[in-house]
Amino acid sequence: MPPVSWTAGAACCSRGRWEAAHAARRALPKPSPPPLPTPAPPPPPPPNGRSGVLAALDPEQAAAAAAPGPLLVIAGPGSGKTRLLTHRLAHLILEQGVPASACLAVTFTRKATHELKTQLRSLLGDALPEVHSFHSLGLSILRAHADVLGLPPDFRIADDSERRSVLAQALGLSHDKAGALLKTLSALKRTGQTGTPAEEQARAVLEAESRAQAWVDLDDLVSGAVSVLDSSPAVGESWRRRFAHIVADEFQDVDESQYRLLHQLAGPGSLCVIGDPHQAIYGFRGADAGCFARFATDWPEAPEVRLFRNYRSSGTIVEAAAALIGQPADGQTRGREEPIVVQASPTAQAEAEGVVATLEHLMGGHDLLAAGRIAGQDRPLSFADVAVLYRTDAQAEAFRGAFDRAGIPYRKSSPAPLAQHPGVRAVLAALETLPPGPPLRECVRAAVASAQGEAPEASRLARDWLVALIDDGVDDLERLREACALMTEADFHDQRGDRVSLLTMHAAKGLEFPVVFVTGLEDGLMPLSWGGASPDPAALAEERRLLYVALTRARDRLILTHARERFWHGAVRARVPSSFLADLPAEFLGRPTGGAPRRARQLTLF
Ligand SMILES: Nc1ncnc2c1ncn2[C@@H]1O[C@H](COP(=O)(O)OP(=O)(O)OP(=O)(O)O)[C@@H](O)[C@H]1O
């Protein structure tokens, strides 16, 4: 069977055509060795001399997993932090006789907790330790001891729109201004700082309203839990006795409240923190890069372990990403492979069409047997292997349009809270009107049916998310509301299913894909400058780390794109390539792969 060929200027392919092409690829005989540059054979991970659970780890991972007491692990992208965390817990439970209920894993998002639980289940079966996001852990503590803070037991979580309306009304502000003020108040709460008199007045307004209405906000979940543990020594002691071992992932992103919560919960010997200072990307919302130094001060006896092997990415990607952050590139487990491609397009729309064309080329082009293969695996590339990353959610629109026109299935996940999604709001409102009685799952189905009239696609998405939450164990309407306030759409990003992933760079944290397009690499977008002002040095450094996170999501192929013109700040404006591109050494960059975009768009290198 001949390979499927997509040529420049080809008409948009229909979904049927894509499916046929896909079926054709799957029906191909096992491919012969591809005409790719031969990668240097990866050095096998050195044996660690251990058996049992730890046998699956390299020597440094195994040493860290078995180290007793407090521990600081600093590790780069793809170095197996998640693997270490899960194997450390499995080793404690299966081989050291620690009850699963005495172990706690803490991370940031539902997506991360879900992933941890899945991996832990494969090691431990159903005897799982507690796995929490900071918010869900804070909520458990607050629910159990609401009285300590004078909260009624049935307090609820108010979403942003409700709190914004309170501020707008009380202070006579526009909704936009009230929204910006909410963000500032949130950062003050996370960092434990005092604001200007006007900000403190706004804080007092919200606090009075929250007492009157018996609600808390998302930030209160962690800071409130800290207050509970601070103000009741007996309660603090009972939580410390409960967990003999605590492991915290993504430690580089903890803020003041989250650090204090870990500090309060951990006894002297129980806390293991794992993170990568070069992947710290949440300084803008109060994460404190000083957390590693602080840990070393608070737990002076804790050894520091470094994991350095990158098991994820080709040597080319590892070396280029290291150059971006000015670090030595060590720890490659693969040789240099496909060069990184930089594609320039005349407009943002042409950029999106260019991504489609390159994708078509990779998946069905003349070098099908070569490029359309996953490194190290005998299977063809599928849409699920591909991610398109961008700095701002608004950039997704052009890609959605281009993928729709090409009939390529995609899944876009927004970083917005679930509770703000119109479909979720409609279904939750419909749930309120249903008589209580039937199990929650049936109520959700009935509510979806009644909310569906206006926006079937939004209701379908809402149904999938709400049912997933019920599958996770949420069993009443109030808990369902809580979960929607705690989670974002991106928390449900599902890499299964044959769809391209459209994600912000922030939402891509922790994920990996064989093929990654990092788009919109223009000054102003990456690094992002709000309102046209140049970012200050700290913000610029954080933008650089964010790009580092984006580049290091790629396993095999990395394509960087930018446009020379884009609608920006209310007008179509000329754009210049991101200054960060100049920091990628030319030796790692190659020419565009030949997937010329439809409508004869021109691609150039830089
Ligand atoms: N010892 C090992 N041997 C082989 N593969 C490994 C080993 N450790 C990790 N990997 C693989 O490397 C990849 C990255 O691992 P993991 O997701 O745990 O990294 P990470 O450090 O959490 O990454 P990041 O911080 O970039 O999100 C995974 O595909 C994992 O299976």
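This one's a predicted model, so the numbers in the text were calculated from it and none came from an experiment. We count ligands from 1, going down the list as the structure has it; atoms in each ligand are counted the same way.
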Using a 3.5 Å cut-off and no angle test, enumerate the donor-acceptor pairs between side-chain atoms of residues 316-323 and protein atoms at least two apart in sequence or in another chain.
from, atom 1, to, atom 2, distance (Å)
Thr316, OG1, Glu337, N, 2.7
Thr316, OG1, Glu337, O, 3.4
Glu319, OE1, Arg336, NH2, 3.0
Glu319, OE2, Arg336, NE, 2.9

For Asp58, take its heavy atoms, then give the atoms of ligand 1 lying under 4.0 Å from any of them.
1 (N)

Given salt bridge (Lys or Arg N to Asp or Glu O under 4.0 Å), test Arg309 with Asp330 step by step and report yes or no.
CA-CA 7 Å; Arg309 287 184 194 82; Asp330 45 15; over 6 Å; no

Is the shortest heavy-atom distance from the side chain of Val73 to the side chain of Lys81 under 4.5 Å?
no

Lys509 near ligand 1, heavy-atom distance under 4.0 Å?
no

Looking at side-chain heavy atoms only, is the closest gap between Thr358 and Val356 below 4.5 Å?
no

To atom 17 (O) of ligand 1, the nearest of Lys81, Arg312, Glu250 on a heavy-atom basis is Arg312

Can you list the ligand 1 atoms lying under 4.0 Å from a non-hydrogen atom of Glu512?
13 (C), 14 (C), 28 (C), 29 (O)

What orientation do His263 and Trp299 show, parallel under 30°, tilted 30 to 60°, or perpendicular over 60°?
perpendicular

Ligand 1 N/O within reach of Pro77 N/O, cut-off under 3.5 Å
no

Under 4.0 Å between heavy atoms, the region of Gln61 that gets near ligand 1 turns out to be side chain

Counting heavy atoms under 4.0 Å, the part of Arg553 that contacts ligand 1 is side chain

Answer yes or no for Ser79: is there a heavy-atom contact with ligand 1 below 4.0 Å?
yes

Quick one, Arg110 and His135 - any side-chain contact, counting heavy atoms below 4.5 Å?
no

Would you sort out whether Phe134 and Phe108 count as a ring pair (Phe, Tyr, Trp, His ring centres under 6.0 Å), showing the intermediate values?
CA-CA 6 Å; Phe134 276 104; Phe108 278 83; 5.1 Å; yes

Check ligand 1 against Gly76 and write out every atom of the ligand that is under 4.0 Å from a heavy-atom position of the residue.
21 (O)

Any N or O of Leu57 closer than 3.5 Å to N or O of ligand 1
no

